[in-house]
Number of protein chains: 2
Amino acid sequence: MKTQLKKGTLDMCVLAVLAKGDSYAYQLVTQLSTGMDISEGTIYPLMRRLQQEAWVETYLVESASGPSRKYYRLTTAGHTALAAMRDEWRSFVNEVEAVVFAPDASGASS
Amino acid sequence: MKTQLKKGTLDMCVLAVLAKGDSYAYQLVTQLSTGMDISEGTIYPLMRRLQQEAWVETYLVESASGPSRKYYRLTTAGHTALAAMRDEWRSFVNEVEAVVFAPDASGASS
DNA sequence: ACAAGGTACCTTGTAATACAAGTATGTGAC
DNA sequence: GTCACATACTTGTATTACAAGGTACCTTGT
């Protein structure tokens, strides 16, 4: 999958997944890897950014099958940010498609 | 407009505009700046990339109002690449929206 | 007890790309 | 002669995704 297209969308995707329920980084990689394809080297810096923006907060939970898991929970600001990102994403997609799938572009035989 | 979202889409947008008719960089900036917002510092390196991929070819046309214009014309390979990009864009949007606008995400209580 | 393998965390360094700011040249207006 | 505009181009900076590596915990086999 094209790396460049993902730029700026992964934070929105992660926030959207967290909106459905708390999770931890390793699991997010697993969940999002079906389809979106995100890797560990990406998620950890990303989670730190989200936390620095105060969009998520963390708590530790012990695991029976490995080290403690650091769960992330969406804050109120996180929900707000997610909503804004969804809007921005929608407008962006509309603008791109207005250019790329313009009525005149390919179909007509002129 | 969010810079990061544009990553990887501008080349597709430029190819799509060129599919409707030849143009030169300065004009592309003007056209795409209504909506997409692309800047000169972006377009010139981008055009060179497109040319290196052999997706566009150039020819010079003298202008009565300034330096000669370097027009870009889509090659056959360029049309093919544009079609592939459109497909990839569509799948990408679908995958993102499957995550971000998932049925379960925001509406339900509980 | 020890090795192996999966879970889970995190940190480098690298590549791609968009942009602001600057350089240069031609043309016409004042 | 200077100013503004059209047009081409360059350089340096920021953001981000990723591969590759490293640490630590826990279970299972031997």
Side-chain angles (χ1 to χ4, degrees), chain A residues 1-15 22-33 35-53 55-56 58-72 85 88-89 92 95-96 99, chain B residues 1-15 22-33 35-53 55-56 58-72 85 88-89 92 95-96 99:
Chain A
M1 175 182 268
K2 278 266 199 62
T3 292
Q4 294 301 321
L5 286 182
K6 300 186 208 166
K7 299 276 176 92
T9 63
L10 290 182
D11 40 4
M12 175 175 62
C13 290
V14 165
L15 290 180
D22 298 1
S23 188
Y24 52 100
Y26 192 84
Q27 179 172 275
L28 285 167
V29 170
T30 307
Q31 284 179 246
L32 286 172
S33 273
M36 278 298 300
D37 217 21
I38 188 176
S39 73
E40 280 192 51
T42 303
I43 197 93
Y44 287 102
L46 197 160
M47 297 317 291
R48 207 171 321 119
R49 268 182 270 147
L50 296 184
Q51 192 173 8
Q52 272 174 353
E53 301 281 355
W55 292 337
V56 298
T58 67
Y59 54 95
L60 285 175
V61 174
E62 288 186 28
S63 162
S65 63
S68 292
R69 297 166 176 165
K70 189 192 265 184
Y71 274 84
Y72 293 87
M85 285 177 183
E88 206 155 3
W89 166 255
F92 176 71
E95 274 163 17
V96 170
V99 171
Chain B
M1 175 182 266
K2 277 265 200 61
T3 291
Q4 293 302 319
L5 285 183
K6 299 185 208 165
K7 298 276 176 90
T9 64
L10 290 183
D11 41 3
M12 176 176 60
C13 290
V14 166
L15 291 179
D22 298 0
S23 188
Y24 51 100
Y26 191 84
Q27 180 171 271
L28 286 167
V29 169
T30 307
Q31 284 180 246
L32 286 171
S33 274
M36 278 300 298
D37 216 22
I38 187 175
S39 72
E40 281 191 49
T42 304
I43 197 94
Y44 287 101
L46 197 161
M47 296 318 290
R48 206 170 323 120
R49 268 182 272 147
L50 296 184
Q51 191 172 6
Q52 272 174 354
E53 300 281 356
W55 292 336
V56 298
T58 68
Y59 54 95
L60 284 176
V61 174
E62 287 186 30
S63 162
S65 64
S68 292
R69 297 167 175 165
K70 189 191 265 181
Y71 275 83
Y72 294 87
M85 285 179 184
E88 205 156 2
W89 166 256
F92 176 71
E95 274 162 17
V96 169
V99 171

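Residue numbers start from 1 in every chain, and the chains themselves are labelled A, B, ... in the order their sequence lines are given, proteins ahead of strands. Below, each value reflects all heavy atoms present in this structure, side chains not excepted, and no hydrogens, waters or symmetry copies.
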Gap between atoms CD and P, on A:Gln52 and D:dT16 respectively (whole Å): 11 Å
Nearest atoms (heavy-atom pairs only) where A:Ile43 meets A:Ala25: CG2-CB, 4.1 Å
Nearest atoms (heavy-atom pairs only) where A:Thr9 meets A:Met36: OG1-CE, 4.3 Å
Nucleotides bounding contact with chain A, strand DNA chain C, heavy-atom threshold 4.0 Å: C:dT7 to C:dT17
Contact letters for nucleotides 4-15 of chain D, in which S counts primed atoms plus P, OP1 and OP2 and B counts the base, heavy atoms under 4.0 Å: --BBBBB----B
Touch class at under 4.0 angstrom, heavy-atom based, for A:Asp11 against every strand present: nothing
Complementary nucleotide for C:dA20 - Watson-Crick or wobble, under 3.5 Å: D:dT11
Partner residues of A:Asp22 under the side chain to side chain donor-acceptor pair (under 3.5 Å) criterion, sequence neighbours left out: A:Tyr59
Heavy-atom pair of closest approach, residues A:Glu40 and A:Tyr26: OE2-CE1, 3.7 Å
Closest approach of A:Phe92 to B:Leu5 (non-hydrogen atoms, all atoms of both residues): CZ-O, 3.2 Å
Backbone of B:Asp37 reached by a side-chain donor or acceptor of B:Lys6 within 3.5 Å: yes
Atom-to-atom span, CG of A:Leu5 to C1' of D:dA17 - whole angstrom: 12 Å
Closest heavy-atom pair and its distance - A:Ser65, A:Ser63: N-OG, 3.0 Å
A:Ser33 (side chain) donor-acceptor with A:Ile38 (main chain) under 3.5 angstrom: yes
